[in-house]
Amino acid sequence: MRDFLFIIRGGQDRYNQNSPEEMQQHMQDWQQWMDTLAQKDMLVGGQPLMNEAKTLIDGGQKIIDRPLAEGKELIGGYLLIKANSLEHAAGVAKECPSNEYHCSIEVREISPM
Amino acid sequence: MENNNNIDQTLNHLFREESGKMVSVLIKIFGTENIEMAEDVVQDALVKALETWKYNGMPDNPRAWLYRTAKNKAIDVIRRNKHSKLIDFSDPQKQLLTSGYTLETTMDNYWNEDGIKDDFLGMMYGCCHPEISQENQITFILKSLCGFSTKEVAKSFLTSPDTISKRLYRTKEYFRKNRISLQIPTNKQIEERTHTVLSAIYLLFNEGYNSTHADQLIRKDLIGQAMLLCKSLLSNKRTKLPEVYALMALMCFHSARLDSRITREGELILLSKQDRTSWDKVLIQTGEKYLNHAAFGNNLTTYHLEAAIAFQHCAAQQYEDTNWKEILMYYDLLLEIADDPIVFLNRCLVILEYKGPKEALIVLKTMKNTSMLDKYYVYHATLGEIYKRLLNTNLSIKHYERAIKLTQSKQEQQFLKDKIAGKC
Amino acid sequence: MKEFMFLFRGDNDVWDSKSPEEQQEHMQHWEKWIGEMAEQGKFVSGERLLSKGNTVLDNGKIMDRPMTEGKELVGGYLRVKAESLSEATEMAKGCPGFEWEGGAVEVREVWPE
């Protein structure tokens, strides 16, 4: 098994239009999905990120008060999982409840070096 | 194509010298609760070396190759276990092993030469923790620090691999439960703790020197390992205490005479009958140098005195030249430090040579606690010898026979039978 | 203390152009930087990522590359502890990645668990 990082992007706009009940339902879907992964011993960890950001650019000389990329490319959270291959991991990413909100999930292998 | 025998020999030698160091570093990394994990990594590295070298030939620097392989295997183990609870990564430095940004650099830092030496010594002090029985101490030392297999340890102690496994298990459990710190003790404790370490080393040495093994290879292996361990104590500023030099000298003097002590058939040869030309003069000279180093500080230990006695024997060209007067003086001092019946009896034997059997008998009779001594074969062997010299054959035979019954060693029994038969 | 995520942005072109010795020396700086944080109990976890990756898009299709590349490629991340976003940003200034031109560090607060 190798380690993979899911970088979850976008979907915030649609999610924010949800009613509190829908938001709660969504959180439950996440909980259930993570449980399934944990039971298969595939889950290592993961958390959503707050939208507020600071970004150091120009070799750390300049700081901007926003994420480097926004909108559809705003990173909303991450997940660290164990899988057999990049394809296997991408297959797992397809099951992510946030796909409902048209997010995209970048799947990257943790460097073994 | 490299000669396979040559590869086996190099690896065997490397393994005896380096596996303990590798295990020590790995236990520092994985924690004392994961001793098997450390041993497995070293074992894997050995297997890989054997396979690769037989196929590709020996590398230019076999030692570096072995260390690099063990290090890479350790990195694999860390990666496999970084999300498990097996290894405790809570220490800040160990935490750096969990990130790809810092794993390799941190791993490299664990393997610098000075660190390796210190970890090995730390492990040695850990193995010789006063609460671990001496028997378990030396069993564990042979397995973990000297690269012996369980089978080899069993052979060394003439016992079953099962018994050894149980001893090893108990020691590992002790390490696990008590989280023994594997460090060179503080200056305050260093003398006391080094004393325990030296006892274990000397026991190991005697296991090879006095043991009844017909197998010379095992005996020499044990002796060599004991001397290697002692030498590593001498390589560190904090642990090279006078008594460490003294023990090193003592072991040099003893092992210089190793080959002349036993016949090809495994029978003991009396000191007076040994071929002194076969004694290893270089080793005796080396011992002298160590003995000179031992002569500082105020601490006169049994090792100092035993080394001084052994040196006197080494220095005599012939048995008749032995300086018994000097030797008796050392025995007097030895008896002051160590009120030990064996020392007392050995002192009687010196008196026997120096002043004659009457004097020796008088001194022997001053001994208290004869009821306890009655069970010592050396006591009866000494009396047998004294009466023999007093030409009291009946009493002499009586004591020799009693001595034969009390010793388990076939060599000793044969030796005593020869005495009765008047062969020596 | 709150937890923050440093997202290291930028591709590996500069890294790839360096010699193994330079790379090794560079990694010693990372070890020092992260080691100091660990000593203060501020380092949580972090990994480097391989450059290749898959992205599950919002239409369910899988694209065989990371969503963002070049200057925006996420090269790795670090989870750290800090009192505030500004303290975390201050910590990010020490990132050895800035020694080599290019690259940016996005600092984001992780949702409390």
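So you know, we letter chains A, B, ... as the sequences are listed, proteins then strands, and number each from 1.
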> Side chain, backbone, both or neither: which part of Lys62(A) has an atom under 4.5 Å from a heavy atom of chain C?
Replying inline: neither

>> Does any backbone or side-chain atom of Ile75(A) lie under 4.5 Å from a heavy atom of chain C? Answer side chain, backbone, both or neither.
In response: both

> Quick one: is the NZ or CZ of Arg48(C) closer than 6.0 Å to the six-membered ring centre of Trp30(C), and within 45° of its axis?
Replying inline: no

> Looking at Asp64(C), Thr68(C), Asn59(C), which makes the most heavy-atom pairs under 4.5 Å with chain A?
Replying inline: Thr68(C)

> Which bit of Arg108(C) comes within less than 4.5 Å of chain A, counting heavy atoms only: side chain, backbone, both or neither?
Replying inline: both

>> Working note: Val44(C) + Val80(C), criterion side chain to side chain contact (heavy atoms under 4.5 Å, CB included); need CA distance, chi angles, decisive distance, verdict.
In response: CA-CA 5 Å; Val44(C) 180; Val80(C) 302; 5.6 Å; no

> Which atoms of Leu49(A) come close to chain C, meaning under 4.5 Å heavy atom to heavy atom: side chain ones, backbone ones, both, or neither?
Replying inline: both

>> Do His88(A) and Phe4(A) make a side-chain contact, defined as non-hydrogen atoms from C-beta onward lying under 4.5 Å apart?
In response: no

> Under a 4.5 Å cut-off applied to non-hydrogen side-chain atoms, are Ser111(A) and Leu50(C) in contact?
Replying inline: yes

>> Counting only non-hydrogen atoms closer than 4.5 Å, does Ile7(A) touch chain C with its backbone (N, CA, C, O), its side chain (CB onward), both, or neither?
In response: side chain

>> Are more than 12 heavy atoms, taken from residues, nucleotides or ligands other than Glu70(A), located less than 6.0 Å from that residue's CD atom?
In response: yes

> Minimum heavy-atom separation for Val74(C) to Arg9(A), with atom names?
Replying inline: CG2-NH2, 3.7 Å

> For the candidates Glu3(C), Glu47(C), Arg9(C), which exhibits the highest count of non-hydrogen atom pairs separated by less than 4.5 Å from chain A?
Replying inline: Arg9(C)

> What part of Phe4(C) lies closer than 4.5 angstrom to a heavy atom of chain A: side chain, backbone, both or neither?
Replying inline: neither

> Between Trp100(C), Tyr77(C), Trp111(C), which has the largest tally of heavy atom pairs under 4.5 Å with chain A?
Replying inline: Trp111(C)

> Given that the side chain runs from C-beta out, which part of Leu86(A) has a heavy atom under 4.5 Å from chain C: side chain, backbone, both or neither?
Replying inline: both

> Among Ile57(A), Asp3(A), Asn99(A), Leu5(A), which residue forms the greatest number of heavy-atom pairs with chain C at distances under 4.5 Å?
Replying inline: Leu5(A)

> Are the side chains of Glu25(C) and Glu22(C) in touch, meaning some heavy atoms are under 4.5 Å apart?
Replying inline: no

>> Counting heavy-atom pairs under 4.5 Å with chain A, which one of Glu99(C), Met27(C), Arg79(C) comes out on top?
In response: Arg79(C)

> chain A heavy atoms under 4.5 Å from Ile62(C): which part of the residue, side chain, backbone, both or neither?
Replying inline: side chain

>> Taking every non-hydrogen pair under 4.5 Å, which of Ala90(A), Ala93(A), Pro67(A) racks up the most with chain C?
In response: Pro67(A)

> With only heavy atoms counted, which part of Ser51(C) is less than 4.5 Å from chain A, the side chain, the backbone, both or neither?
Replying inline: backbone

> Looking only at heavy atoms, what is the nearest atom pair of Phe98(C) and Ala92(C), with distance?
Replying inline: CE1-O, 3.5 Å

>> What part of Arg65(C) gets within 4.5 angstrom of chain A, counting heavy atoms only: side chain, backbone, both, or neither?
In response: neither

>> Can you tell me which portion of Asn51(A) sits under 4.5 Å from chain C's heavy atoms? Options are side chain, backbone, both or neither.
In response: both

> Going through the distances and angles, do Asp35(A) and Gln39(A) end up as a side-chain hydrogen bond (donor to acceptor under 3.5 Å, both in side chains)?
Replying inline: CA-CA 6 Å; Asp35(A) 264 357; Gln39(A) 269 163 25; 5.4 Å; no

> Less than 4.0 Å between a side-chain N and a carboxylate O, is that true for Asp65(A) and Lys54(A)?
Replying inline: yes

>> If we define contacts as heavy-atom pairs under 4.5 Å, which of Pro66(C), Ala104(C), Gly53(C), Pro112(C) has the most with chain A?
In response: Pro66(C)

> Who wins among Val110(C), Leu7(C), Asn54(C), Leu85(C) for the most heavy-atom pairs under 4.5 Å with chain A?
Replying inline: Asn54(C)

>> Heavy-atom cut-off 4.5 Å, strictly under: side chain, backbone, both or neither for Arg66(A) against chain C?
In response: neither

> For His26(A) and Ser98(A), what are the C-alpha separation, side-chain angles and deciding distance, and is it a side chain to side chain contact (heavy atoms under 4.5 Å, CB included)?
Replying inline: CA-CA 8 Å; His26(A) 182 64; Ser98(A) 287; 3.4 Å; yes

>> Students often mix this up, so state it plainly: with edges at 30° and 60°, are the rings of Phe6(C) and Trp33(C) parallel, tilted or perpendicular?
In response: parallel

> Does some side-chain heavy atom of Tyr78(A) sit less than 4.5 Å from a side-chain heavy atom of Gln47(A)?
Replying inline: yes

> Where does Met5(C) contact chain A at under 4.5 Å (heavy atoms): side chain, backbone, both or neither?
Replying inline: side chain

